[in-house]
Amino acid sequence: MAIKHHTQHPFNFANGARLLFVALLVSGLFTINGCQAVVGAVSSGFADDLSEAILNNDDLHIVEEGLPTYIILIDALLLSSGDNADLLLAAAELNGAYAAAFDEDPQHRKSLSAKALRQALKGSCLKQTLLCDIESKKYDEVVPVVATIGEKNIEVLYALARAWAGWIHAHADEMQAVAQLSSVRLLIERVVELDELYDFGSPHMYMGMFESLLPPALGGRPEVAKVHFQRAIDISEGRNLYAKVLYAQSYARLVYDRELHDRLLNEVVEANPLVESYTLQNTVAQKLAHELLDDADEYF
Amino acid sequence: MLTNTSSRRVGIAGGCLLLLFASLSTWAETTVKVATIAPEGSPLMVELRNAAKEIDKQTEARVKFKFYSGGVMGDDAAVKRKMRAGQLNGAVLQTSVLTGDVPDLNVYNLPLQFKNIEEVTKVRADLDSYLMEDLEEAGYISFGFVGIGLAYAMGSKKATTLQEARRLKIWAPKNDQSSTLMLQAFGITPIPLTIVDVLTGLQTGLIDTVASPPVAAVTLQWHTQIKYLMDVPFVYVYSVYVLDQSAFKDVEEDDQEVVRTLMGQAMEKAEERGIADHSAAMDVMDELGVELIKPDPDSLKAWQTLADIAAANWVRSDLLSKEMFDRLNASLAEARKENAE
């Protein structure tokens, strides 16, 4: 089962950035992975068609309304196939994505993201025993584990990183979650090392977020973030409008570069969102770009 | 820079065909520019931005706030210079840059004075108002203080006695004279580094110990390099929110009251969150297996003796008034008495 075309949520301390994460998760929703897992038993052809239809859907309302059905369906499948790693990872994808994308209740979002993380951890452990109990390991212990994960496990590594990041984001007001940032970062760094082109360069987008979580005065490295965001844009040949939105929100706002901020967002607004497999994500990016532009006078 | 724009509001009362000029009033819009090192999205910034929105609403847009977060306006010293130059109207900053104007702000900076965050809360309740009055007299408008927490010595090497501590490679913020002086009071020669270099310094062994509030250590991910924490609160770390009084020169009294109330409440909310986070961060350290080490009574006494000498020296050198120092001790005595009961 391919885990491709994901751009699920990096995280941020900024509460104001929630919409941005929402959109990242929306893009993560529409992974072929989740949908195929659900309907794969029925028809692989149908799964492909469904995935394609969702990825190219520009109607967020329809997707929001429809997704819970798939979550229930996949939960049902897990009742009889609880040790199916692919199914678990797909469930983590859907639960985590819905939690951050559409769930407006912070407490419910926390519980749903926790469910997603449990599923991702179990699925990852089944796929690669080195990853078992990684969440309870100290940072020093995570370092050698992640370093031994090879390219053949890049999909599971990336899926786990996204579920973990989603959990941290939902629990960003808790020190226990903030304390785990470094471990998740290690996972994403490893994905970049193994294949920077993976998921059309989206791991670079995560790295851009990591490097811009803090201002330079507190150890953030916005100039490094800039390089990562630019690389994500270049790898996707500019088709991933989301990378530009994050670049504006995370980097340009951090360094108070209004000119760059507005230029990036105006490019997003004016771009054609209809890109194969990116239409939905780009539609969300445009919506967020409008919101960020509307809010810019207040911020800058 | 204070931005004032005047506009006219014309009130019109009229009948079907009769237009009566009813009133002509003028009002000024004031934009208050505030800088802080606190990052966007931190509890403090969230509360400040929420308060600013409410102020905008309640003053019908006559008073607006513009924030420069994350240290984008430079360090505290630079921010203070910009306030003097009129480029900024206010800041949330460490009190060390204001002690030249109000020496008694040093009262919370004394080492080894607080045993826990509850004592801080009690003392703050007793003394904050005096300090805020002093700030007002020195030309500032103050909305209060917000704590980051009690700083503990923590690192990759174990030390409890003064002799052991003096062999450690202890970090002090670069260009932070008060931190350096405080460590020197214990016979410790710190290694100055910018905050940006601390994590790398811990990873490479350039330093092996920091004195930091647990919240900061976790947020900045220093905790990944921490194995030991000396379970003795070293010093209280906090910030103060001030405006230059000129920020209010074109603000109506009613609007000033709105600003004072809402910004004060914002600071209180941020403080509540800070206290909760302080406790949670200590729990995280514990869960991560960081070993809490307690100095033996003799070692602790040696630490405390030097701290008390340092405090007495501060009073003798007029870095802190005797009156305020006495207030601190009286409040602490009450807190400990209440705790004992």
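Keep in mind the model is a prediction, meaning the values are calculated, not measured. Letters A, B, ... mirror the listed sequences (proteins, then strands); counts begin at 1. Excluded from the calculations below are hydrogen atoms, water molecules and symmetry mates; all remaining heavy atoms, backbone and side chain alike, are included.
- What you find for B/P39 and A/P215 is that their closest heavy atoms are CB-CD, 3.5 Å.
- In terms of heavy-atom proximity, B/Y68 sits nearest to A/Y256 at CA-OH, 3.5 Å.
- Counting all heavy atoms, side chain and backbone alike, A/V255 lies closest to B/V72 at O-CG2, 4.4 Å.
- The choice from B/S69, B/A217, B/P214, B/P43 that makes the most heavy-atom pairs within less than 4.5 Å of chain A is B/S69.
- Each salt bridge (Lys or Arg N to Asp or Glu O under 4.0 Å) pair with one or both residues in residues 146-158 of chain B, not counting sequence neighbours, appears once here: B/K157-B/D208, B/K158-B/E291.
- Across B/T219 and A/M175, no two heavy atoms sit closer than the pair OG1-CE, 3.8 Å.
- Contact annotation for A/F300: only backbone heavy atoms (N, CA, C, O) come within less than 4.5 Å of a heavy atom of chain B.
- The shortest heavy-atom contact between A/S182 and B/Q221 is OG-OE1, 2.6 Å.
- Looking only at side-chain heavy atoms (C-beta outward), B/E40 and A/R253 stay at 4.5 Å or farther from each other.
- Within residues 192-202 of chain B, the residues having any heavy atom closer than 4.5 Å to a heavy atom of chain A are B/I195, B/V196, listed by residue number.
- In plain terms, the two heavy atoms of B/L220 and A/L218 that are nearest each other are CD2-O, 3.4 Å.
- Residues meeting the salt bridge (charged side-chain N to carboxylate O under 4.0 Å, His left out) test with A/E298, sequence neighbours left out: none.
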Checklist line | side-chain contact (heavy atoms from CB on, under 4.5 Å) evaluation trace for B/D283 with A/Q176 | finding: CA-CA 8 Å; B/D283 290 344; A/Q176 190 195 15; over 6 Å; no
Which pairs of donor and acceptor atoms, one on a side chain in residues 134-150 of chain A, lie under 3.5 Å apart (sequence neighbours left out)?
| from | atom 1 | to | atom 2 | distance (Å) |
| --- | --- | --- | --- | --- |
| A/S136 | OG | A/D133 | O | 3.0 |
| A/K137 | NZ | A/C132 | O | 3.2 |
| A/E141 | OE1 | A/K138 | N | 2.8 |
| A/T148 | OG1 | A/P144 | O | 3.4 |
| A/T148 | OG1 | A/V145 | O | 2.6 |

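- In this structure, chain A has a heavy atom under 4.5 Å from the side chain of B/K53, while its backbone stays farther away.
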